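A quick write-up on the structure given underneath.
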Amino acid sequence: MVDITPRAADAIAPAEVPDVELYHPHSWWTTYVFSQDAKVIAIQYAGTAMAIGMVALVLSWLMRLQLGFPGTFDFITPEAYYQFVTMHGMIMVIYLLTALFLGGFGNYLIPLMVGARDMVFPYVNMLSYWIYLLAVLVLVASFFAPGGPTGAGWTLYPPQAILSGTPGGQQAGILLMLASLILFIIGFTMGGLNYVVTVLQGRTRGMTLMRMPLTVWGIFTATVMALLAFPALFVACVMMLFDRLLGTSFFMPALVEMGEQLSYGGGSPILFQHLFWFFGHPEVYIVALPAFGIVSDLISTHARKNIFGYRMMVWAIVGIGALSFIVWAHHMYVSGMHPWFGFFFATTTLIIAIPTAIKVYNWVLTLWRGDIHLTIPMLFALAFIVTFVNGGLTGLFLGNVVVDVPLSDTMFVVAHFHMVMGVAPIMVVFGAIYHWYPKITGRMFSEWMGQFHFWVTFVGAYAIFFPMHYVGLVGVPRRYPELGETAFIPDSVHTLNAFITVAALIVGFAQLVFLFNMLWSLRYGRDAGGNPWRATSLEWQTPTTPPPHGNWGKQVPLVYRWAYDYSVPGAPQDFIAQNDPWPGKAAPA
Amino acid sequence: MAIALVLVLVVVGSVLFHALSPWWWTPIASNWDYIDHTLVITFWITGVVFAAVVLFMAYCVWRFRHKEGSKAHYEPESKRLETWLTVVTGIGVAAMLAPGLYVWSQFITVPDDATDVEVIAQQWQWSYRLPGADGKLGTSDSRLISAENPLGVNPEDPNGQDDVVVEAADLHLPIGKPVKMLLRSIDVLHDFYVPEFRAKMDMIPGSVTYFWFTPTRTGSFEVLCAELCGTGHGFMRGVVAVDTEQDYQAWLQEQSTFAQLTAPEKVGAAEMVQP
Ligand code: HEM
Ligand SMILES: [Cu+2]
Ligand SMILES: [Cu+2]
């Protein structure tokens, strides 16, 4: 059985963790700007990530305008299109989603959910944010550099990434991109070590690993993965910088560019792809696992029911995390690597579908016989399941090596990964923001604006990306700024493209309603109280809302149970907080 | 409640979209109809799973939505149900993987009677080289590339002298004969992609990659580059014409060999290639 009922032995005397005076900030600067409080750092991370995410969103409109109405916009040249694709993809994956889930939600939720006062290394945590900000600024600078940002695609495959046929290849674009990634990884490593050590060492008494909310499990596992995966990208970036600046040939074979023999020789472009995807595939799960964890908690809380199969869920997260390090070459089935690899990587890839499917079953089984409150976070959680299942299932096409051959590098792939790692995690991001907004600000958001935002975003995103699979089935390649007169592409594809563009613009503008809601409610939202969703996990039990620096006041909480005691038979309410000793007595203070 | 309805509509809409979609893959022109079959199997399995999961969700949302005084059932886990679901999923996955791997092994096993055809990509055009009468392609090296020898064929190699060189023009192939496409790039990554043939593969400077297929339908098919190769990527097009044997021979007669191209003064123009 799950560890749910407190035993007598669990009534440990509370430890008084003295709230050291020295620790608190003394000036406005150290409180709000150079803050070492994980919650302030979280908001800084999230704010920066969403700001740069807006840039990526605008770039997606420009690309869609070009694809929907080719030839209408003179300023979208092929060069510009490739720059938009590259910056959009890179920003969305790394600077928005990774930063937001780990730097944003990780910082805010880990200490609160495990009952700690803060991250274990607050100073390093602060540095992590400032280095991230620097990475973002370097990235933004490339828009203003001569030649503009790199247009090498977010995968940055050499040789083209550093040659003159690619925008920014022989100019500053690629250098700034590589520099920015290197900075990002340094900053992330500082934060990441913090999250891991805090989960392992900073938990309050009674908070065993198997009592942690799945949100913490998801973020924790993703962070461990990121710490193992990012170094591969780091060395790849450094090696490419050397190739570009010092004339080494790590990734560069002998080649002739535009009729001119270059002095490179002996390097391997495939080596870069292996390094990139050794990072790149785990990266998908670095974004997905926090989303898995968070969505489990949203569903459980708003369905007033424990998450079904908690232990299985934990092992599925850990199992997916481990397996995702041996599937990377499914991105390389048609890369020209040795064809025998196809057997191995197709098998591992399809095996990973099993723990993933278990997670989906357990989410929907949590709904079964629940008491479902259709709040905005719950709606977004449901939307996540739909889009994630959809995107996960098309992954079975692309993972099954021979089926991938006709589909790879077509719009089918673009549709697949947007559904599974674009739309689905973003649904969780929104659900999570609505869910924790009352804790972070002490105020409730506007319900009707939330409803509007949800419906337009969910239905709109599905309308963008579901039909896009069929554009790919026809055979339309990805990264094509226009299709021109191509015999096998019927006119109806152009009509469908125009439809997708219109849907994308509508969805984009609906995000302004979301931003407005967040700002407006900050001031005009009604008072939320400390625990408006009547949730069990520790962050809802803080003595004051929003939680102050140090989180807990005088005493850190003592944990008696797992995070999922909803609707327990015989209990006085339909939830029992993790620090509630029911049915025993609270230990003497 | 709207959400339960919308979830049902998502399933119904997706199925209808799929059924009525005029957007479907191009009529196949190679032997790889196995790939199409595996795709169809995958569509069925995944489609059923998608509909089942989303409809189940819609039912739960409708049936168990909050009502005054309702309370959730308390059940932390069920070993039996979880094991059962895992096993069923495993079987479904195996049902897709097995045919997939079987077809993959065919895909990578080139038949002995396949003819070599070399495709050479560069920013942003396609060239080709066919073995001459000796049936063998000469060696090549990108270090040998020059204005006179744009494909870098080794002039010292006797096998290469009679190779037919098709520079920046259409490729023709005879119907019904298996071909092994040897893929070579002289600058960056490219990918030789003809939607009707189903097969594709990246081309890597410094190595030779391959795939094989048998053309099964005559006609003219568009070649697209499917790996980002710089600004001209979207415009890197070509044409492969699949001909009857007769038309193919006629076309071949008009092509020049490497020897003719590099030393036109030595070889008389009348001395055309004899296949
Ligand atoms: C409404 C939202 C979005 C729209 C309309 C959109 C649209 C697009 C378009 C048109 C492309 C280029 C397709 C091509 O020509 O190959 C693209 C590429 C891409 N997008 Fe998005 N996108 C959206 C959101 C996202 C999100 C949330 C992510 C996060 C994972 C994301 C990640 C990517 C990536 C990784 C690429 C590939 C870039 C490359 O090919 O190098 N997108 N997107
Ligand atoms: Cu992957
Ligand atoms: Cu290309």
Side-chain angles (χ1 to χ4, degrees), chain A residues 2 78-79 153 157 159-160 165-166 253-257 269 304-306 309 312 334-336 339 342-343 350 353-354 357-358 361 364 367-374 379 382 386 389 393 396-397 400-403 405-406 409 470 473-475 477 479-481 486-488 492 567-569, chain B residues 3 10 21-26 35 38-39 42 46 50 53-54 56-57 60-61 64-66 70-74 76-77 82 85-86 89-90 93 96-97 100-101 103-104 107-108 123 142-143 145 186-189 195 198-202 204-206 209 222 224 226 228-231 234:
Chain A
V2 189
E79 284 85 355
Y157 282 178
Q160 52 99 10
T166 297
L255 58 87
V256 181
E257 193 199 19
R304 315 307 298 160
K305 191 160 171 270
N306 61 72
M312 195 75 142
V334 297
S335 70
F343 294 106
L350 266 69
I354 297 174
I358 290 174
Y361 300 147
V364 295
L367 297 174
W368 178 251
R369 301 184 74 180
D371 174 21
I372 300 171
H373 293 246
L374 291 170
L379 292 176
L382 297 172
V386 174
V389 170
L393 289 169
L396 294 172
F397 290 70
N400 199 355
V401 54
V402 79
V403 184
V405 170
D409 284 308
Y470 292 80
L473 276 183
V474 171
R479 295 167 169 173
Y480 265 41
T486 308
F488 72 88
S492 57
S567 307
V568 177
Chain B
I3 186 73
V10 163
S21 163
W23 305 288
W24 200 241
W25 50 64
T26 46
I35 296 186
T38 318
L39 243 160
T42 314
T46 55
F50 180 70
V53 171
V54 179
F56 180 80
M57 265 170 67
C60 289
V61 171
F64 303 111
R65 67 185 186 280
H66 175 70
S70 58
K71 192 166 181 189
H73 179 66
Y74 186 76
E77 56 189 22
E82 288 175 79
L85 284 171
T86 311
T89 311
V93 164
M96 285 181 283
L97 184 61
L101 292 186
V103 181
W104 178 246
F107 186 80
I108 63 178
Q123 287 172 332
S142 60
R143 289 280 183 233
I145 291 172
I186 65 174
D187 44 33
V188 301
L189 304 177
R198 299 298 185 263
K200 67 159 86 72
M201 191 57 71
D202 278 8
I204 310 167
T209 56
E222 216 148 336
L224 295 91
L228 182 55
C229 55
T231 319

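Just so it is clear, the model here is predicted, and its values are computed rather than measured. Lettering of chains follows the sequences in order, A, B, ..., and the numbering in each one begins at 1.
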Look up atom [atom1] in [X] and atom [atom2] in [Y], then write down how far apart they are to the nearest 0.5 Å.
{"X": "A/Q160", "Y": "B/D187", "atom1": "CD", "atom2": "CG", "result": "10.5 Å"}
{"X": "A/R304", "Y": "B/H66", "atom1": "CZ", "atom2": "NE2", "result": "9.5 Å"}
{"X": "B/L189", "Y": "A/S335", "atom1": "CG", "atom2": "OG", "result": "9.0 Å"}
{"X": "B/T42", "Y": "A/L393", "atom1": "OG1", "atom2": "CG", "result": "10.5 Å"}

Under a 3.5 Å distance rule, please check whether [X] uses its side chain to pair with a backbone N or O of [Y] as donor and acceptor.
{"X": "A/N400", "Y": "B/M96", "result": "yes"}
{"X": "B/K200", "Y": "A/P406", "result": "yes"}
{"X": "B/T231", "Y": "A/G165", "result": "yes"}
{"X": "B/E222", "Y": "A/F488", "result": "no"}

Exercise. What is the ring orientation for B/F56 with A/W368, classed by angle as parallel under 30°, tilted 30 to 60°, or perpendicular over 60°?
Worked result: parallel

Exercise. Around atom CZ of A/R369, are there more than 12 heavy atoms of other residues, nucleotides or ligands at under 6.0 Å?
Worked result: no

Are any non-hydrogen side-chain atoms of [X] and [Y] less than 4.5 angstrom apart?
{"X": "B/L85", "Y": "A/I358", "value": "no"}
{"X": "B/F107", "Y": "A/V405", "value": "yes"}
{"X": "A/L473", "Y": "B/W24", "value": "yes"}

Which bit of [X] comes within less than 4.5 Å of chain B, counting heavy atoms only: side chain, backbone, both or neither?
{"X": "A/L367", "result": "both"}
{"X": "A/Y361", "result": "side chain"}
{"X": "A/Y157", "result": "side chain"}
{"X": "A/L382", "result": "both"}

For this session: List the steps, then state whether side chain to side chain contact (heavy atoms under 4.5 Å, CB included) holds for A/V403 with B/I35.
Result: CA-CA 6 Å; A/V403 184; B/I35 296 186; 5.6 Å; no

Looking only at heavy atoms, what is the nearest atom pair of [X] and [Y], with distance?
{"X": "A/V568", "Y": "B/Y74", "result": "CG2-CE1, 3.7 Å"}
{"X": "B/L97", "Y": "A/L350", "result": "CB-CD2, 3.9 Å"}
{"X": "B/P205", "Y": "A/P253", "result": "O-CG, 3.2 Å"}
{"X": "B/S142", "Y": "A/A254", "result": "OG-O, 3.3 Å"}
{"X": "A/D371", "Y": "B/S70", "result": "OD1-OG, 2.9 Å"}
{"X": "A/P477", "Y": "B/L224", "result": "CG-CD2, 3.6 Å"}

Problem set entry | ring-ring contact (aromatic ring centres under 6.0 Å, His included) partners for B/H73, two or more places apart | none

Exercise. Can you list the residues that meet the side chain to side chain donor-acceptor pair (under 3.5 Å) rule with B/W23, with sequence neighbours excluded?
Worked result: A/S492

For this session: Take B/E77 and A/M312 through the test side chain to side chain contact (heavy atoms under 4.5 Å, CB included) and record every step on the way to the result.
Result: CA-CA 9 Å; B/E77 56 189 22; A/M312 195 75 142; 5.8 Å; no

Is [X] in contact with chain A via its backbone, its side chain, both, or neither, using a 4.5 Å heavy-atom distance?
{"X": "B/I108", "value": "side chain"}
{"X": "B/T46", "value": "both"}
{"X": "B/S21", "value": "side chain"}

Problem set entry | Max heavy-atom pair count under 4.5 Å with chain B, selected residue of A/I354, A/L374, A/T166, A/V256 | A/V256

Exercise. Taking every heavy-atom pair that is under 4.5 Å apart, which of A/L396, A/L379, A/V402 has the most such pairs with chain B?
Worked result: A/V402

For this session: Step by step, work out the side chain to side chain contact (heavy atoms under 4.5 Å, CB included) result for B/L101 and A/V401.
Result: CA-CA 7 Å; B/L101 292 186; A/V401 54; 4.2 Å; yes

Seminar exercise, completed: Of B/G206, B/P195, B/P22, the largest count of non-hydrogen pairs under 4.5 angstrom with chain A goes to B/P195

